[in-house]
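Below you'll find the structure, written out as structure tokens, and then a few comments.
Fair warning: this is a prediction, and the values are worked out from it, not measured in the lab.
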Amino acid sequence: MVLDTIQPADPSGNAGTGATDATSTLVATAGAWLNQDPDPETQAELRALLRGVADGDAGALAELHSRFDDRLAFGTAGLRGAIAAGSNRMNRVLVCQAAAGLAAFLIKTTPPDRVPSVVIGYDGRKNSQVFATDSAAVMAGAGVRAILLPRLLPTPVLAFAVRHLDVGAGVMVTASHNPPNDNGYKVYLGGANQGSQIVSPDDAAIAAEILRVAAEQQVPQLPRAPYETAPESVVQAYIDETASIAHPPRAQVTTVYTALHGVGWDTTRRVLEAAGFDLPTLVDAQIAPDGAFPTVAFPNPEEPGAMDLSYETAREVGAELIIANDPDADRLAIAIPQEGTASGYRRLSGNEVGALLGWRAAEIASGAPGHGGATGTLACSIVSTPALQAVAQAYGLRFTDTLTGFKWVSRAPGLIFGFEEALGYLVNPRTVRDKDGISAAVALLSLVSDLKAEGVTLAEHLDRFSERFGHFASGQISVRVTDLTEIERVMARLRESPPAFVGRIAVDHIDDLAAGFNGLPPSDVLRIRLADGSRVMVRPSGTEPKLKVYLDTSSTNGSVAERKAAAEETLAELDRGMRELIK
């Protein structure tokens, strides 16, 4: 492949300027990338951009800068970005470099008496299978025992397989609930990490190996070798373990299920059958894997409109419960009937579901037959509701709050249950050290079944929670930006000019986690403690161009209705005040 004939035009007409030199360097970088790209689709788009630059197209030049001025960073979230050509996008060149870098890391860090090994999974997104097979072949070629899961499967099955197969690492090719043209690369480590996602310093060590590969080797020259395919028995073992977290149902529940065009249904179906539950009515238009996600704007059950078809189906069958998984089935959304709403249903917040599942875990730990006394840890992220801490205190359990992400939640010592407010729940830590939307669905369905046998609805059970532990109200402000410097500006202003009030509520103190705090690693998070006991958390999103603000308050005074009213009134004031502060 020869690119010497592609010459950049100088939009300014000034030959020999620094701008022209910079453009020539950019074109040379893009040409070198094109020469090692094995994907005809990304080859074609990059050639078109280079032709545009040569013709003086300013838009093509700007796009080329966007794709090559930076590199998609490998960190504790692995890789995630839009599928396109360039070092700052997800593509086969970047994935092969990542696979070779991870292989080098495993070869260096695996004990002498062990064989470096990895298991790789993939979901139904665009290029997921291609990225997974590239990774398996490249890692096998580097001398790592590479095992590919037998077909597209949920992320929790991959997380399970890391421990079940006792391998050194796991890779899941997924972008979870990101927009349709995104994909990603999620890395887990075995051994002492027990199948949790990577954290520092391993992320930096892997990133350094990836950069070394990118600098020293061309993708076509990376050795490739045959890899193993995992047997179906790995999937069956996950199904058996997940079904075992529920006892035989005391009552069957009329349920609707949606996979949001993801990979959750086949595995969920088999788990529900093994656990003895009647199968749900399906949202047919969303049940088969489809990387285009044709019925939703964003394949995230938290997004407005994403669950509209499930509400429609639920009304038709009079469902008592709606279960929704996100596309890779590591998250769970739950909705219940509610009169007075346009849809007839209300999606519970992640905090509500997390509090109820935490209460269930505490009940099991506190003396159910075969479980002994109240031991273990309940854990959640620092931006999740304080309700879980109230449950832990009531049952004499340990409580830990961690930085956001299950790479931290899963590492809580003695963990028996963990969650984060973004619809992530870890209910079975002995087998899966990550959020798992399938096991969480089984646990929640088992709870609803027990309640139905007692003549109690899930809505009534939420009131029971408020009566026993206090009513906890949570809200979130999410500001999507096109320029990330907007987020930096807001965070800097809050640090430089700390607010004395949020709305009419006085600020007691502010914890800045930038340098670490009370054992927590450094993180770009501000925790605002209010004089009335409320709390506000402010942080940039780790996976999307958003500033996120989390609002939490509670009330233990009066009846359940009075507690709700007081907490909601305070929440509204926090919301109003924070919107003013982050404008």
Side-chain angles (χ1 to χ4, degrees), residues 35-43 74 78-79 83 90-155 157-174 183-191 195 198 206 209-210 212-214 216-238 263 289 328:
N35 283 333
Q36 61 175 326
D37 189 351
D39 189 332
E41 181 178 334
T42 47
Q43 283 179 18
F74 183 93
L79 294 166
I83 298 172
M90 281 295 295
N91 49 67
R92 292 182 69 185
V93 174
L94 196 82
V95 165
C96 288
Q97 292 170 343
L102 177 58
F105 169 83
L106 290 174
I107 290 168
K108 286 183 177 180
T109 57
T110 299
D113 60 338
R114 300 269 296 178
V115 175
S117 54
V118 65
V119 60
I120 301 167
Y122 58 96
D123 67 4
R125 281 181 173 267
K126 179 181 178 181
N127 283 6
S128 284
Q129 186 173 5
V130 173
F131 292 162
T133 54
D134 273 346
S135 296
V138 168
M139 295 186 80
V144 173
R145 181 191 175 202
I147 307 165
L148 187 69
L149 290 184
R151 51 194 164 78
L152 54 85
L153 285 161
T155 292
V157 178
L158 182 279
F160 168 82
V162 174
R163 300 179 75 180
H164 181 72
L165 297 174
D166 191 24
V167 292
V171 171
M172 183 67 192
V173 181
T174 179
N183 216 324
Y185 207 74
K186 197 173 183 182
V187 179
Y188 301 79
L189 290 179
I198 55 170
I206 296 169
E209 293 291 348
I210 294 170
R212 181 189 58 76
V213 168
E216 297 176 0
Q217 296 178 271
Q218 294 288 296
V219 166
Q221 277 70 57
L222 291 173
R224 290 175 174 245
Y227 51 83
E228 300 175 38
T229 299
E232 278 290 330
S233 59
V234 174
V235 183
Q236 187 60 52
Y238 169 83
V263 297
D328 68 327

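- Taking 4.5 Å as the limit, some side-chain heavy atom of Leu222 sits within range of a side-chain heavy atom of Val213.
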TODO: Would you please test Val167 and Val118 for side-chain contact (heavy atoms from CB on, under 4.5 Å) and show each step?
DONE: CA-CA 6 Å; Val167 292; Val118 65; 5.9 Å; no

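- If you take CG on Leu102 and CZ on Phe74, they are separated by 6.5 Å, rounding to the nearest 0.5 Å.
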- [ ] Kindly determine whether Tyr188 and Leu158 satisfy side-chain contact (heavy atoms from CB on, under 4.5 Å), including the steps that lead there.
- [x] CA-CA 9 Å; Tyr188 301 79; Leu158 182 279; 3.6 Å; yes

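- Annotation: the span from Asp328 atom CG to Lys186 atom NZ amounts to 6.0 Å, rounded to 0.5 Å.
- Looking at every heavy atom in both residues, Ala146 comes nearest to Tyr227 through O-CB, 3.5 Å.
- The structure places OG1 of Thr110 at 12.5 Å from CZ of Arg145, a figure rounded to the nearest 0.5 Å.
- Scanning both residues, Val93 and Pro38, for their nearest heavy atoms gives CG2-CD, 4.0 Å.
- Minimum heavy-atom separation, Ala104 to Arg212: CB-NH2, 3.5 Å.
- Evaluation of the ring-ring contact (aromatic ring centres under 6.0 Å, His included) rule for Phe160 yields His164, Tyr238 as partners, not counting sequence neighbours.
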If you look only at distance, which donor and acceptor atoms sit under 3.5 Å apart when one is on a side chain in residues 130-141 and the other is two or more places apart or in another chain?
from   : atom 1 : to     : atom 2 : distance (Å)
Thr133 : OG1    : Gln129 : O      : 3.0
Thr133 : OG1    : Val130 : O      : 3.1
Asp134 : OD1    : Arg92  : NH2    : 3.0
Asp134 : OD1    : Arg224 : NH1    : 3.1
Asp134 : OD1    : Arg224 : NH2    : 3.1
Asp134 : OD2    : Arg92  : NE     : 2.7
Asp134 : OD2    : Arg92  : NH2    : 3.4
Ser135 : OG     : Phe131 : O      : 2.8
Ser135 : OG     : Tyr185 : OH     : 2.8

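- A distance-only check finds a donor-acceptor pair linking the side chain of Ser117 to the backbone of Gly168 [under 3.5 Å].
- Contacts classified as salt bridge (charged side-chain N to carboxylate O under 4.0 Å, His left out) and involving residues 115-133 (residues at least two apart or in different chains) are given here: Glu41-Lys126.
- For Thr42, the side-chain hydrogen bond (donor to acceptor under 3.5 Å, both in side chains) partners at least two apart in sequence or on another chain are Asp37.
- Scanning all heavy atoms of the two residues, the minimum distance from Pro220 to Asn35 falls at CG-O, 4.5 Å.
- Separation of atoms CG (Leu152) and OG1 (Thr174) is listed at 11.0 Å; rounding is to 0.5 Å.
- Gln221 is linked by a side-chain hydrogen bond (donor to acceptor under 3.5 Å, both in side chains) to nothing, counting only residues two or more places apart in sequence or in another chain.
- Atom CD1 of Ile83 is separated from atom CG of Asp39 by 9.5 Å, given to the nearest 0.5 angstrom.
- Under the rule for a side chain to side chain contact (heavy atoms under 4.5 Å, CB included), the partners of Arg163 that lie at least two apart in sequence or sit in another chain are Gln194, Arg433.
- Pairs engaging residues 165-174 under the salt bridge (charged side-chain N to carboxylate O under 4.0 Å, His left out) rule: Arg114-Asp166 [sequence neighbours left out].
- Gln36 places a side-chain N or O within 3.5 Å of a backbone atom of Val219 that can act as its donor or acceptor partner.
- Residues passing the side chain to side chain contact (heavy atoms under 4.5 Å, CB included) test with Glu232 are Pro150, Arg151, Val235, Arg270, sequence neighbours excluded.
- Put simply, OG1 on Thr155 and OH on Tyr122 are 13.0 Å apart, with the number rounded to the nearest 0.5 Å.
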